[in-house]
> 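Dumping the structure here so I can ask a few things about it.
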Number of protein chains: 2
Amino acid sequence: MRDAEQTRQKILEVSADEIHKKGFTATSLSCILARCEISKGALYHHFQNKMELGYAVFEEVYAPAFIAMWQPPVEAEDPIQGLCDFFSAMSKNMTCDELVCGCPLNNLCQEMSGVDEGFRIRILAMQQQLNLLIATNLLRVSSQLKPDLDFSQIAYFIVSTFHGSSSLSKSSLNKELFEKVVKELCRYMQQLKR
Amino acid sequence: MRDAEQTRQKILEVSADEIHKKGFTATSLSCILARCEISKGALYHHFQNKMELGYAVFEEVYAPAFIAMWQPPVEAEDPIQGLCDFFSAMSKNMTCDELVCGCPLNNLCQEMSGVDEGFRIRILAMQQQLNLLIATNLLRVSSQLKPDLDFSQIAYFIVSTFHGSSSLSKSSLNKELFEKVVKELCRYMQQLKR
DNA sequence: AGTTTAACCGACCGCAAGGTCGGTTGCAAA
DNA sequence: TTTGCAACCGACCTTGCGGTCGGTTAAACT
């Protein structure tokens, strides 16, 4: 019962979880191996080195999950309401443990953008993709919004605030600050309407 | 010409710079020793271990600098205009290299809050102090602002957005995204006025 | 059945990290 | 002048990391 693809997926899944919780550098291969119950040889059969594993996790786990997470609220009939509901649901449904881990994209951005070009490029592409997604959907309903708004600017603003608020939560170990910021973010977004 | 205090200060200063650029974990003592031109014995004479050095850097370098940075704009007659000018000046005056390093407080928050309790406590205290500083000064001019605003919530919102925007800049390697977010942040803040 | 090869094993390597400790130096008080 | 001690030195230690590589196993094909 040797299934190469299954092994590979298991490695990606466990690695994604470890990197999310500990960060890329602090994640040790031996820890991944232990959780997957495989040997070092198996891992290095599927991935060239730790970096390539990191890239694969980003491209095959984080990026799809990220898009799958943002797309529905943004593509709702009313994207602003969609985003408000999206953020509010996070406040309510996420446990503190989950919240404190932060967004994988933001975490990697903070940790790896300045250190490794490969990560930087991938993260930047993801940021731009998300920005485009939000901006175009705001443009779609621009008739219901105030005039003279810069949608790309607004999209970056929203994402920045969201990422900043997850960062805030890390030090407080509770949802309170996150909820406060999200609440104000919703208030801001609603103000964009006519 | 042995000056213990001067040695200590030099260590703090160099460490602060290294930690700012590389992060706490990635900062190596040997690198600090080399830049200070001292031996490992000297460092361990002044600090118990790397953690204690980190705490000292936070308390004696980062915290004072942080307050010194935010206090003037916030305590201006018009704190909202003060903050707008403050952010705009950062956009204009900071080089990309500086900007990409991010805010030391936010960096440490991201990296260390979940890993070390000592750091977490100190960072949280700093966040709260800053929040209080901003909130009380908004309260001071509340007569010029719209009614029914939650100043603490707004203060956390502003700081979150600021930190999120420095995070964004790390992947883009230029000021553009930072400027965009800051511009929108100023627009938001001005809207708080009656 | 024999052969080939992808998939996997795990002992081993080099390295750099944080940290230790016995020894040395220079200054100041007695 | 002697003595005491803070300030400093640097060789050495342990630990854990990412990475290598010769060997083994299982399954698919001839």
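All of these numbers come straight from a predicted model, not from anything done at the bench. In the text below, chain A, chain B and the rest are named by the order of the sequence lines, each starting its count at 1.
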> With no hydrogens and no angle check, just 3.5 Å: does a side-chain donor-acceptor pair link A:Thr161 and B:Thr161?
yes
> Please check if any side-chain donor atom of B:Gln110 sits under 3.5 Å from a side-chain acceptor atom of A:Gln110, or the reverse.
no
> In the 5'-to-3' direction, what one-character label does each nucleotide of nucleotides 7-19 of chain D receive under the scheme B = base within less than 4.0 Å of a protein heavy atom, S = sugar-phosphate only, - = no such atom?
BSBB------SBB
> Under a single-linkage rule joining Ile, Leu, Val, Met, Phe, Trp and Tyr whose side-chain heavy atoms are separated by less than 4.5 Å, which residues share a cluster with A:Leu173?
A:Val100
> Is a donor from one side chain sitting under 3.5 angstrom from an acceptor on the other, for B:Asn106 and A:Ser167?
yes
> Can you list every ring pair (Phe, Tyr, Trp, His ring centres under 6.0 Å) pair that touches residues 110-163 of chain A, not counting sequence neighbours?
A:Phe24-A:Phe119, A:Tyr55-A:Phe119, A:Trp70-A:Phe162, A:Phe87-A:Phe162, A:Phe157-A:Tyr188, A:Phe157-B:Phe157
